[in-house]
Amino acid sequence: MSQLPTLIADLALILICAGIMTLLFKKLKQPLVLGYVVAGFLASPHMPYTPSVMDTANIKTWADIGVIFLLFALGLEFSFKKIVKVGGSAIIAACTIIFCMILLGIGVGMGFGWHRMDSLFLGGMIAMSSTTIIYKAFDDLGLRKKQFTGLVLSILILEDILAIVLMVMLSTMAVSHNFEGTEMLESIGKLLFFLILWFVVGIYLVPEFLKRCRKLMGEETLLIVSLALCFGMVVMAANTGFSAAFGAFIMGSILAETIEAESIDRLVKPVKDLFGAIFFVSVGMMVDPAMIVEYAIPILVITLAVILGQSVFGTFGVILSGKPLKTAMQCGFSLTQIGEFAFIIASLGVSLHVTSDFLYPIVVAVSVITTFLTPYMIRLAEPASIFVDAHLPVSWRKFLMRYSSGSQTALNHENLWKKLILAMVRITVVYSIVSISIIALSFRFVIPFFKENLPHLGASLLGAVFIILCIAPFLRAIMVKKNHSVEFMTLWHANRANRAPLVSTIVIRIMIAALFVIFVISGLFKASIGLVIGVAVLVVLLMVWSRRLKKQSISIERRFFQNLRSRDVRAEYLGEKKPEYAGRLLSHDLHLADMEIPGESAWAGKTLMELNLGKKFGVHVASILRGKRRINIPGGSVRLFPMDKIQVIGTDEQLNVFNEAMQNGTKVDWDVYEKSEMTLKQLIVDSDSMFLGKTIRESGIRDKYHCMIAGVESEDGTLMIPDVNVPLEEGDVVWVVGEKEDVYQLVNQKNEKVQVG
């Protein structure tokens, strides 16, 4: 009980400082993350002029929870399908940037004579750009509709997932203190194993569970169930040797594939904002001004390394992926900062006690400086690209143009053999991982249970049958899947020389399935190897010929892909998904942008023919999304309505001009707004009234004065609903509603009539 007042006082201090700083940084149009860091510095023991947090241990616990929520929310915004959709350009660029920046960070750390682990963690910290800061900078600068921003956001998606992988690798190296290649390969293999297992099982079970419970779930229940799944995966990840943040990210990415993803994201956001703020405040609490002064030179050097390294390696990576120089420099210059992931990796090093005390405040200082410089670097990209292009040798410029156009062709080329082999490998790896996990769980829990309750032979026999039945659908898929695909049959009929290699792929996969069966049987029975192999071959052949097993295998796979595509299907139904052609526009300059007609836009209510957008701005409206309805290729007679979402094709310059013109006329005329204020007044019908003896219809109150009679109160105080055909009598009190000016005109007209009389 004695800790409760301290806990509340600390929380009050943190939230008061954070509230004040966020208001200030909002006013200065700076990222709120920096406001939280400054708030943490003000609430820390390093600031003698302000109250300080008393119990840092509790704040550390809350900060750890904040990391879990931040990674869970990041997972909700992430989708495994996005990796496929970002394309080869983003993959090549992201991998190049991360690899080069990690090497640069290690080199800088080693140059200062720091420990090996400090240098490794520094490389990881400066390798990841800040998604939050870049997203906000694009919004503030009005660049979200630019073509290069889509590639930058795709690179950031890949950096986020690679950051999770990097955190796992750093954790493994920190715990084992081993940098050997075999140890690293084991860590990566373990990571991939559990990543695929959790993803496959999660996508199969979690959406199905939410679907069956949908009628029982209100918003409160959905929030609790989502957080239960999140922290359940956190515990599972921790027990298998991974970080809590990794488990939270995995569950978030699984829930991102469900129909409820948007609702969960909305419900979790307030909780994430609260604990996330505490985490970033705790980051600021670790900033020691004396240490920053002491390490001013490393801070300056690392800042330059981030800015120059991301600019150069980012540009190089995007050029390597086949993009033009201008686009490459715009992307590279946009990535020149570090943010939330640098803090998370730094806190990981602190929690594992493998990094020095000086590294955390150095990284925070570098993050603050690079964040402030981000908008200027983004603005500098275009003039810098013009300058570089003008001073490049002609031969280099021609080479870049040829490489850019040639790589686009190469990326789009498909090889049947490559496609078939990759599909077979993917199926074999995924179903093998599922089978291994089933066998491992069965030997850990099911077989001991059978042996405790049955005779030894009966337990072994029942256990073998149970395990083989559980893994049979997956083994059959390994052996048979893709044997009748378009690629397989095309290659089979195209050339007789292809048949032997194709048959060999079938034989190899049958051998893999047989090895699983052999392992299960040999683990439960002591028999000769020949007998075990014979039984395994027989079992495998029965699997291939079983029609029931075929239906079961197809059903499992179909359910998985239905769950995986459920969110996309819903988006297509509601007209929220961009069409497939958006990524395949022929010109490098053209792209598809989503825009929304403002509620008060002057364009609302006009037809496309009246607006003549093609002639005025050179853009084309491809689709109009109106509620749950999509109007594709709208004709000239189609009207635009407020809040319509339109998909427009054009160049960056055309779309910018178009967007500015669309926003014109949306500002509220406050004079008109004030004049349109409604008011309620009473009008007494006396002997001199011009309305005496007239019906409401004859009075002209609505037509002439633009007012409405809300009710008529008789002399006895009864308020009646007005009847337009009943004449007004002396003593009636008429309640009139209208705009102020019209009501006062009506009242003054009556008064003037009385005075004249």
Side-chain angles (χ1 to χ4, degrees), residues 67-87 90-91 94 131-132 135 150 153-165 167-168 191-192 194-214 217 219 221-234 236-237 242-273 276 340-341 344 430 559-574 576-578:
V67 173
I68 290 173
F69 276 111
L70 285 171
L71 270 296
F72 180 60
L74 181 64
L76 284 171
E77 297 174 2
F78 174 82
S79 169
F80 283 94
K81 297 194 295 292
K82 286 183 180 180
I83 295 181
V84 180
K85 293 178 182 178
V86 295
I91 294 172
T131 305
T132 306
Y135 207 91
L153 296 176
S154 298
I155 292 172
L156 292 171
I157 289 170
L158 287 167
E159 286 192 351
D160 290 341
I161 185 64
L162 291 173
I164 302 296
V165 176
M167 286 172 62
V168 173
L191 171 65
L192 292 175
F194 282 103
L195 188 65
I196 294 171
L197 176 63
W198 287 335
F199 174 67
V200 172
V201 176
I203 291 297
Y204 186 79
L205 296 179
V206 173
E208 189 66 22
F209 167 72
L210 293 177
K211 188 190 300 182
R212 292 182 182 276
C213 299
R214 192 168 294 151
M217 282 195 185
E219 290 194 341
T221 314
L222 182 60
L223 173 63
I224 299 302
V225 170
S226 303
L227 294 183
L229 291 169
C230 170
F231 281 93
M233 182 59 79
V234 164
M236 190 182 300
F242 297 109
S243 66
F246 177 70
F249 178 83
I250 291 298
M251 182 48 68
S253 61
I254 290 171
L255 291 173
E257 306 296 349
T258 65
I259 294 176
E260 291 82 4
E262 289 87 355
S263 300
I264 295 171
D265 189 27
R266 176 174 52 82
L267 294 171
V268 169
K269 189 176 184 301
V271 188
K272 182 257 301 185
D273 289 342
E340 56 274 8
F341 258 117
I344 292 171
V430 170
R559 176 63 55 84
F560 174 82
F561 283 107
Q562 282 177 348
N563 291 342
L564 189 63
R565 292 193 66 251
S566 59
R567 192 175 178 186
D568 285 345
V569 171
R570 178 177 178 271
E572 288 173 5
Y573 175 75
L574 296 177
E576 298 170 353
K577 188 181 177 183
K578 272 192 176 183

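- The side-chain heavy atoms of I250 and F194, taken from C-beta on, include no pair separated by under 4.5 Å.
- The side-chain heavy atoms of L210 and M217, taken from C-beta on, include a pair separated by under 4.5 Å.
- At least one side-chain heavy atom of L222 sits under 4.5 Å from a side-chain heavy atom of S263.
- The two atoms that bring M167 and A245 nearest to each other are CE-CB, 4.0 Å, heavy atoms only.
- By the 4.5 Å heavy-atom criterion applied to side chains, L71 and F341 are counted as neighbours.
- Using a 4.5 Å heavy-atom threshold, the side chains of L229 and I254 count as separate.
- Here the CZ atom belonging to F246 is positioned 9.0 Å from the CE atom belonging to M233, to the nearest 0.5 angstrom.
- A salt bridge is absent between K269 and D265: the closest approach of a Lys/Arg side-chain nitrogen to an acidic carboxylate oxygen does not fall below 4.0 angstrom.
- The distance from atom CG of L76 to atom CZ of F249, rounded to the nearest 0.5 Å, is 10.0 Å.
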Exercise. Report the C-alpha separation of R266 and E262 in whole Å, then their side-chain angles, then the decisive distance to 0.1 Å, and conclude whether the side chain to side chain contact (heavy atoms under 4.5 Å, CB included) test is met.
Key: CA-CA 6 Å; R266 176 174 52 82; E262 289 87 355; over 6 Å; no

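- Closest of all the heavy-atom pairs between G75 and A256 is O-CB, 3.5 Å.
- Among L227, L223, L255, V225, the single residue meeting the side chain to side chain contact (heavy atoms under 4.5 Å, CB included) criterion with I264 is L255.
- With values rounded to the nearest 0.5 angstrom, F231 atom CZ is found 9.0 Å from F72 atom CZ.
- Of all non-hydrogen atoms in I68 and A248, the two that sit nearest each other are O-CB, 3.4 Å.
- Residues E159 and L156 have side chains in contact (heavy-atom distance under 4.5 Å, counting atoms from C-beta outward).
- In this structure, CG in L162 is found 9.5 Å from CD1 in I91, a value given to the nearest 0.5 Å.
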